[in-house]
Amino acid sequence: MAWTAQPRRAIPAGMKKGDHLFLIDGSGYIFRAYHALPPLTRKSDGLPVGAVSGFCNMLWKLMQDARNTDVGLVPTHFAVIFDYSSKTFRNELYPEYKANRSAPPEDLIPQFGLIRQATKAFNLPCIEMEGFEADDLIATYCKLACEAGGDTTIISSDKDLMQLVGDTVGMYDPMKDRQIGIPEVIEKWGVPPEKMIDLQALTGDSVDNVPGVPGIGPKTAAQLLEQFGDLDGLLERAGEIKQDKRRESIIANADKARISRQLVTLMNDVPVVDGLDDFVLHAPDGPKLIGFLKTMEFTSLTRRVAEATGTEAGDVQAVAVTVERADTAHGPDVGAGAPTAAPSTAGTNEAGAAPAAVMGEAAKAGDTPSLLAALRLEAASAARIDAGAYVTIRDTATLKAWLAEARETGVVAFDTETTSSDPMLADLIGFSMAIAPGRAAYMPLAHKSGAGDLLGGGMLENQVPIREALALLKPLLEDRSVLKIVQDVKYDIVVMSRHGVDVAPFDDTMLISYVLDAGTGHHTLSALSDKWLGHATTPLKDLAGSGRSSVGFEQVDIDRATAYAAGHADVAFRLWQVLKPRLAAKGLVSVYERLERPLVPVLARMEQRGISVDRQILSRLSGELAQGAARLEEEIYGLVGERINIGSPKQLGDILFGRMGLPGGSKTKTGQWSTSAQLLEDLAAEGHELPRKIVDWRQLTKLKSTYTDALPGFIHPDTRRVHTSYALAATTTGRLSSSDPNLQNIPVRTAEGRKIRTAFIADKGHKLVSADYSQIELRVLAHVAEIPQLTQAFADGADIHAITASEMFNVPVEGMPSEVRRRAKAINFGIIYGISAFGLANQLSIPREEAGAYIKKYFERFPGIRDYIDATKAYAREHGFVETIFGRRIHYPEIRSSNPSIRAFNERASINARLQGTAADIIRRAMVHMDEALEKAGLSARMLLQVHDELIFETVEAEVEATIPVVRRVMENAPMPAVSMSVPLHVDARAANNWDEAH
DNA sequence: ACAGAAGCTTA
DNA sequence: GTAAGCTTCTGTT
């Protein structure tokens with residue numbers, strides 16, 4: 001139905017019973033849309049319009065939806081409410097209110113004005129008032145509407161507004177398509193709307209700087225309000241609270257709670273100028289609205305509005321918009337900051353060139369990558385995902401039809417459903433695929449009846465047999481002309497590889513997101529779906545339950561499994577359409593193509609190979625550790641006088657610093673005594689017997705529980721090797737991480753710990769080869785900061801810490817005292833970590849002033865490093881990210897925080913990220929090139945493990961001598977040809993029967 | 001049963 | 001001072 005069909009009210013008159021007022025929290029929406037939607041959607045002239053696009057889509061959708069909903073949700077009155085300025089009457093109440101709000105992001109600033117213009121283009125009133133927040137105006141209009149007998153719906157999900165919810169006032173969250181009434185408020189916060197004020201007064205709000213009562217969160221607050229009725233009752237009878245800390249905190253902070261209550265209470269008697277009769281809804285002026293939308297280049301919304309209003313879009317001219325530009329000429333624009341030396345050839349993988357028809361109808365000649373990216377996003381965020389529309393594939397004929405269609409389009413998203421999150425143990429239960437947005441299917445393969453007896457229930461009927469299914473899938477999954485889209489493809493590659501299927505070529509939505517947005521959150525399917533599609537995926541536990549009562553996916557009802565699994569393929573497909581063009585738009589294609597995608601099969605092979613671990617060695621060590629720990633336990637009990645739980649820092653602290661009265665006890669942030677190793681070591685150095693024994697006990701029990709006892713449990717029943725799992729997208733800097741088990745933190749520093757490494761062994765007739773980069777991060781620093789002395793020292797193969805000490809303290813390297821070198825070494829590490837006087841002082845156990853003096857001295861001798869640090873901070877602050885020398889971006893969205901410690905932390909992290917991230921890129925490149933180099937050299941060596949700057953191989957004994965030079969060459973030349981470093985890289989390599997001796 | 005804190009392992 | 005993951009204890013769900 002066309003919009004113009006909306007019944008008009010002839011005469012504007014206030015409001016009457018049955019009327020319905022819609023109030024949009026415009027300011028809240030802007031910020032939410034900005035953060036939820038693409039960071040950098042831009043119009044073709046560079047104007048950032050992501051939030052405006054979201055706002056217009058929302059407004060339009062809201063009106064369409066509202067018209068289709070039951071009676072009572074059709075608006076008769078409509079207004080959009082904005083904040084006027086940051087200073088309000090609350091600042092007089094409490095000067096710190098919202099004081100830690102940082103300035104809006106640069107690319108959001110021009111959008112404030114545009115959103116007001118959008119509101120006017122929709123023919124809607126745009127309401128704001130100096131000295132009051134939008135929330136106060138909303139409260140006031142709610143009250144006016146209620147008094148007039150009308151209903152109100154507030155378009156927002158802000159908890160600050162929930163206090164207004166009542167019989168005639170509801171809320172609606174347009175992003176999650178969720179109505180919020182009294183039951184929803186109670187469900188979310190545990191209190192009815194009228195108690196929200198008291199709840200917020202207790203919990204406070206760190207974003208707005210509302211203090212609240214420290215230590216009281218929403219759960220505790222709700223429980224207290226339940227018990228005491230309201231805040232006043234609680235404050236009066238606070239003495240009755242049983243928990244010591246809670247009682248004390250509430251008594252001590254009663255004033256804060258009272259001021260917080262004033263701050264969060266919305267004012268509902270603002271002297272507003274516009275009355276409700278000004279809000280009577282009028283039909284939009286088609287040409288006026290379309291003119292605006294055209295100007296903003298929101299093509300698909302323009303088309304939809306034109307259809308609905310019966311306007312011919314082609315007849316409408318774009319209009320002028322006024323923009324408060326922060327700096328559109330130099331903003332973080334697409335294509336800027338491309339890697340200086342990374343080549344950007346298409347590569348040999350057909351996956352790089354998806355068929356134009358699939359990549360999008362909009363990709364016509366003349367369109368820029370960023371325009372395509374913007375169009376994709378607009379379409380995706382407006383689309384609805386219907387889980388009821390998916391198909392269940394139950395026979396080979398249907399499967400063949402889907403496979404034929406996938407081959408035709410050349411692109412297919414798929415996902416596997418299995419029995420385990422460990423791909424080496426996972427059994428295939430089902431397979432889902434999507435060939436276009438909304439066109440997805442699930443093929444159950446091994447679902448069982450839920451009514452399982454001890455034998456686990458029988459296999460259900462009407463499922464394609466796994467062998468047949470795999471035989472049909474294999475040609476498609478291996479077809480070089482069909483691109484497979486998968487979220488976290490390494491998992492599926494390992495699973496399919498165990499069934500003899502070699503998945504290629506592929507795109508991985510998780511990795512694309514990681515390249516685009518490292519540092520801005522997680523890259524799981526659910527997070528990406530929320531962020532880009534505005535679609536909440538169903539948690540697995542909704543289907544399979546959790547904990548004790550959970551069942552395997554094979555027990556999940558097939559209809560529900562279809563909605564879930566096909567939904568994943570559908571979402572992956574849509575995400576790919578949105579995210580892939582953004583790589584080109586932001587100049588990040590080569591990072592994805594060179595550092596991410598090719599590493600996936602390399603890591604999949606490493607994980608599948610695993611490494612041999614000697615059970616007997618671990619078992620013997622475990623016994624020794626148990627004995628040592630038991631002896632220490634008896635000695636500790638003797639000294640303490642009772643059998644405390646040594647593993648409980650709480651009990652330990654109470655005994656050591658409470659009962660025994662040892663000195664120097666400091667506090668953790670929860671107020672407990674600190675019993676850190678550092679502190680116990682200090683006490684031991686003062687001659688106390690007990691702390692030494694505790695430190696020793698901790699070392700033994702740590703080694704036992706984390707390593708000697710846990711590792712045997714990871715030995716695979718079939719391969720009899722240990723298969724770790726590498727995460728490609730878990731760190732912000734580009735490093736890998738390892739888990740299940742983590743083989744990147746196997747002990748090495750102490751003799752006791754190193755024994756664990758002797759259990760990692762080569763097969764019979766084989767050797768382990770360990771090759772590690774020497775000082776790679778300092779070499780990267782010397783290169784990027786262009787420090788002549790350091791570059792020269794590395795070129796000479798000199799002792800870098802000694803050279804640093806010599807420069808700083810004017811002492812010759814010959815005969816240098818080890819203490820002098822140790823301090824220089826600590827400073828060098830400090831630089832890599834984004835040095836602070838506080839941290840260096842801690843590390844060296846010296847006064848902060850002295851540490852500060854060292855740093856000052858260091859910068860005098862190496863002014864280039866100070867310049868590098870300053871330039872990095874400035875760049876990060878301007879752009880919100882830093883880059884490695886290969887163009888990898890690492891984002892620091894909080895770097896402009898007004899909180900000095902948050903800001904300083906982000907500055908240090910960004911300084912470190914360029915160095916750590918570049919080193920991570922270098923070893924990634926080495927790993928990508930390694931297998932081919934070994935094969936070319938006719939060597940059978942296989943890469944098994946990566947530990948950040950070290951690679952561990954297994955090779956037949958006879959080839960050890962030939963392997964080491966190849967490995968060194970590949971690692972040392974890894975930056976080439978993309979980057980030619982001014983500092984040589986150096987790799988040490990050794991071979992031995994176990995990891996301890998090889999390292 | 002789960003979440004957070006504390007502590008410890010690595011580069 | 002950077003970047004991770006795992007275990008134990010503790011308090012809450």
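Just so we're on the same page: letters track the sequence lines, and every chain starts at 1. Below, each value reflects all heavy atoms present in this structure, side chains not excepted, and no hydrogens, waters or symmetry copies.
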**OP:** May I ask you to say what I832(A) touches in the nucleic acid, namely base, sugar-phosphate or nothing, with a heavy-atom cut-off under 4.0 Å?
**Re:** nothing

Original post:
Contact class for S836(A) (heavy atom, under 4.0 Å): base, sugar-phosphate, or nothing?
Top reply: base

Subject >> d(CZ, R924(A); P, dA3(C)) in whole Å >> reply: 16 Å

Subject >> Base-contact (B) and sugar-phosphate-only (S) positions in nucleotides 4-11 of chain B, heavy-atom cut-off under 4.0 Å, - elsewhere >> reply: -SSBBBBB

Subject >> Nearest-Å distance for atom pair CD/C1', residues Q843(A) and dT2(C) >> reply: 12 Å

Original post:
Do other residues, nucleotides or ligands put more than 12 heavy atoms under 6.0 Å from the NE2 atom of H522(A)?
Top reply: no

Original post:
With a non-hydrogen cut-off below 4.0 angstrom, is A826(A) in contact with a base, only sugar-phosphate, or nothing?
Top reply: base

Original post:
Do E907(A) and I895(A) touch side chain to side chain, with heavy atoms closer than 4.5 Å?
Top reply: yes

Original post:
Would you say E850(A) has more than 12 foreign heavy atoms packed within less than 6.0 Å of its CD?
Top reply: yes

Original post:
At under 4.0 Å between heavy atoms, what does D740(A) touch on the DNA or RNA strands: base, sugar-phosphate, or nothing?
Top reply: sugar-phosphate

Original post:
Is the distance from OP1 or OP2 of dA4(C) to the nearest side-chain N or O of T732(A) less than 4.0 Å?
Top reply: yes

**OP:** Tell me whether the OP1 or OP2 atom of dT7(C) has a side-chain N or O from S705(A) closer than 4.0 Å.
**Re:** no

Original post:
So, the side chain of R877(A) versus the backbone of R896(A): is there a donor-acceptor pair under 3.5 Å, distance only?
Top reply: no

Subject >> Side-chain touch Q775(A)/F794(A), heavy atoms, less than 4.5 angstrom >> reply: yes

Original post:
Is the backbone of I646(A) close enough, under 3.5 Å, to the side chain of Q651(A) for a donor and an acceptor to pair up by distance?
Top reply: no

Original post:
What is the nucleic acid contact for T701(A), judged by heavy atoms within less than 4.0 Å: base, sugar-phosphate only, or nothing?
Top reply: nothing

Original post:
Which value, rounded to the nearest 0.5 Å, describes the distance between L652(A) atom CG and I644(A) atom CD1?
Top reply: 5.0 Å

Original post:
Heavy atoms under 4.0 Å, any strand shown: does G647(A) hit a base, just sugar-phosphate, or nothing?
Top reply: sugar-phosphate

Subject >> Of the listed nucleotides dT2(C), dA3(C), dG5(C), the one nearest the side chain of A730(A) >> reply: dG5(C)

